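On a predicted model such as this, the values are computed, not experimentally measured, just so you know. Numbers restart at 1 for each chain; the letters A, B, ... are given by sequence-line order, proteins then strands.
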Number of protein chains: 2
Amino acid sequence: MSHHAPAANLGWALGMVLRRWHQRVEHVLGDIPQGTRGFHVLSAVVHQDLPTQAALASHLAIDRTVMTYLIDELEEAGLVERTPDPHDRRARRIVATTRGHKVLVDAERQVADVEEFVFRGLAPEDKATFLELTQRTANLIREEDPATDPCVAVKEVLDLSEGPNSRR
Amino acid sequence: MSHHAPAANLGWALGMVLRRWHQRVEHVLGDIPQGTRGFHVLSAVVHQDLPTQAALASHLAIDRTVMTYLIDELEEAGLVERTPDPHDRRARRIVATTRGHKVLVDAERQVADVEEFVFRGLAPEDKATFLELTQRTANLIREEDPATDPCVAVKEVLDLSEGPNSRR
DNA sequence: TATTGTTATACTCTATAACTATA
DNA sequence: TATAGTTATAGAGTATAACAATA
């Protein structure tokens with residue numbers, strides 16, 4: 001089987017890597033409901049300072065209606081709790097339970113193992129570089145996109161194509 | 001707004017970058033149906049030597065049932081054609097039309113512009129490194145996963161966790 | 001009037017299975 | 001029997017809109 005032209009297609013390559021990451025990580029996240037998304041939410045609850053559901057949804061670029069049953073299931077699994085926000089009676093502060101912290105630490109260790117495995121074909125320094133660049137790019141994207149505001153996103157896209165090429 | 005701990009979550013970061021790539025590229029692919037997937041298929045038809053639908057589906061990790069209506073729409077749009085395979089009367093050889101070649105060249109130029117824009121926050125050499133490492137990782141993943149065989153994938157996962165941790 | 005969170009509905013995407021025609 | 005391709009159906013995932021409570 002010959003190796004054809006490497007395609008040089010970034011979208012395809014990123015999709016390939018991310019799909020593999022998902023496949024492998026899902027198999028390792030037995031204690032967290034909703035697979036990788038549950039993991040991302042729990043991780044954000046513990047590591048970031050994003051107390052409300054809306055803030056979590058915005059950070060993770062998940063719809064807030066999805067966030068509702070995501071948190072529902074994490075709460076049912078005893079990993080997080082919804083507590084009233086003292087400053088805003090509409091909002092709920094999402095906090096991890098003791099078990100939630102424990103499960104996350106365990107999950108993070110397993111995810112690290114998976115990543116070790118998935119990127120085993122790369123030299124250690126290349127792997128570190130890839131992780132660092134991915135992280136940096138993601139942070140840049142998040143910063144340039146204030147609060148993942150859909151209006152701003154549309155405006156930016158229009159600026160990009162700078163013309164009435166409206167499709168759909 | 002303070003910058004919290006960088007999360008160090010590869011899955012989140014990859015998802016962020018890929019989502020942004022998709023958003024931007026979709027807005028630029030007016031002539032190709034089915035958005036980025038149509039683009040990937042057309043690109044594979046032209047650049048890779050994957051004559052049959054099954055080979056295309058396997059390469060792009062798309063289900064062969066999906067490949068059917070993907071090619072249906074590309075064919076309706078006059079970008080590819082299904083021609084009989086002289087060696088196997090079950091198979092169809094997928095070839096790009098003249099228009100398909102033209103549309104792809106145009107799309108690739110626009111996608112390159114989008115990528116230029118999406119990664120404008122990275123220094124040129126960092127961007128090149130990121131592209132090269134992503135491509136290399138994707139190729140490694142494809143090679144280690146013979147023909148994207150689901151049985152092999154399951155076996156590999158079981159080997160990874162090396163124990164009866166069967167979930168679901 | 002705007003926002004947080006919830007619920008219900010509808011739409012899209014994907015996965016599964018069944019079918020045909022070939023091998 | 002196995003494979004290439006097609007079709008139909010069901011399921012998961014996602015987006016939209018409407019609603020209640022609060023700001």
Participant: How close or far is atom C1' of dT3(C) from atom CZ of Arg64(A), stated in whole angstroms?
Facilitator: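 One finds 8 Å between C1' of dT3(C) and CZ of Arg64(A), rounded.
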Participant: Whole-Å distance between dA4(D) P and Leu56(B) CG?
Facilitator: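 After rounding, the reported distance stands at 12 Å.
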Participant: Of the nucleotides dA15(D), dA18(D), dA15(C), which has the atom closest to the Tyr69(B) side chain?
Facilitator: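 That would be dA15(C).
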Participant: Want to settle it: does Arg93(B) or Asp88(A) sit nearer the 5' end of DNA chain D, counting the closest nucleotide to each?
Facilitator: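 Checking each residue's closest nucleotide, the 5'-ward one belongs to Arg93(B).
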Participant: So, Trp21(A) versus His40(A), ring centres under 6.0 angstrom or not?
Facilitator: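 Yes - the distance between ring centres of Trp21(A) and His40(A) falls below the 6.0 Å cut-off.
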Participant: May I have the distance from Met67(B) (atom CE) to dT7(D) (atom P), rounded to whole angstrom?
Facilitator: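 In whole Å, dT7(D) P and Met67(B) CE are 16 Å from each other.
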Participant: With nearest nucleotide decided by heavy atoms, which residue, Thr65(B) or Arg90(A), maps closer to the 5′ end of DNA chain C?
Facilitator: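 Per heavy-atom nearest nucleotide, the more 5' residue is Arg90(A).
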Participant: Taking the side chain as everything from C-beta on, heavy atoms only, tell me whether Glu81(B) gets closer than 4.5 Å to Ile94(B).
Facilitator: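 Of all side-chain heavy-atom pairs linking Ile94(B) with Glu81(B), none is under 4.5 Å.
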Participant: It should be established whether Gln53(B) places a side-chain nitrogen or oxygen under 4.0 Å from OP1 or OP2 of nucleotide dT6(D).
Facilitator: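 Result: yes.
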Participant: I need the CD-P distance between Glu26(A) and dG13(D), as an integer number of Å.
Facilitator: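 That distance rounds to 9 Å.
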Participant: Please tell me which of the listed nucleotides, dT14(C), dG5(D), dT6(C), lies nearest to the side chain of Arg37(B)?
Facilitator: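 From the listed options, dT14(C) comes nearest.
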Participant: What is the distance from CG of Asp63(A) to P of dT6(C), rounded to the nearest Å?
Facilitator: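 Rounding to the nearest Å, CG of Asp63(A) and P of dT6(C) are 13 Å apart.
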Participant: Check each of Arg109(B), Arg24(B), Lys127(B) against Glu116(B) using the salt bridge (charged side-chain N to carboxylate O under 4.0 Å, His left out) test, and report the only one that passes.
Facilitator: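 Going through Arg109(B), Arg24(B), Lys127(B) one by one, the salt bridge (charged side-chain N to carboxylate O under 4.0 Å, His left out) with Glu116(B) is satisfied by Lys127(B) alone.
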Participant: Taking the ring centre of each residue, are Trp12(A) and His47(B) less than 6.0 Å apart?
Facilitator: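 Distance test on ring centres: not under 6.0 Å, no.
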Participant: Would you say dA23(C) has OP1 or OP2 under 4.0 Å from some side-chain N or O of Arg89(B)?
Facilitator: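 For dA23(C), OP1 or OP2 has a side-chain N or O of Arg89(B) closer than 4.0 Å.
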Participant: Please report, rounded to the nearest Å, how far the C1' atom of dT12(C) is from the CD atom of Glu73(B).
Facilitator: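 After rounding, the reported distance stands at 13 Å.
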Participant: Nearest whole Å is fine: how far is dA4(D) C1' from Asp72(B) CG?
Facilitator: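 These atoms are roughly 14 Å apart.
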Participant: Rounded to the nearest Å, what distance is computed from the NE2 atom of residue His87(A) to the P atom of nucleotide dT4(C)?
Facilitator: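 The distance from NE2 of His87(A) to P of dT4(C) comes to 16 Å, rounded to the nearest Å.
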Participant: Is any side-chain nitrogen or oxygen of Thr68(A) closer than 4.0 Å to OP1 or OP2 of dT6(C)?
Facilitator: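 Looking at the OP1 and OP2 atoms of dT6(C), one of them is under 4.0 Å from a side-chain N or O of Thr68(A).
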Participant: Taking everything shown except Arg93(A) itself, do over 12 heavy atoms lie less than 6.0 Å from its CZ?
Facilitator: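 Not buried by this count: 12 neighbours or fewer within 6.0 Å.
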Participant: If the cut-off is 4.0 Å, is Arg92(B) near the phosphate of dT3(D), judged by side-chain N/O to OP1 or OP2?
Facilitator: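 Answer no for this pair, as no side-chain N or O of Arg92(B) is under 4.0 Å from OP1 or OP2.
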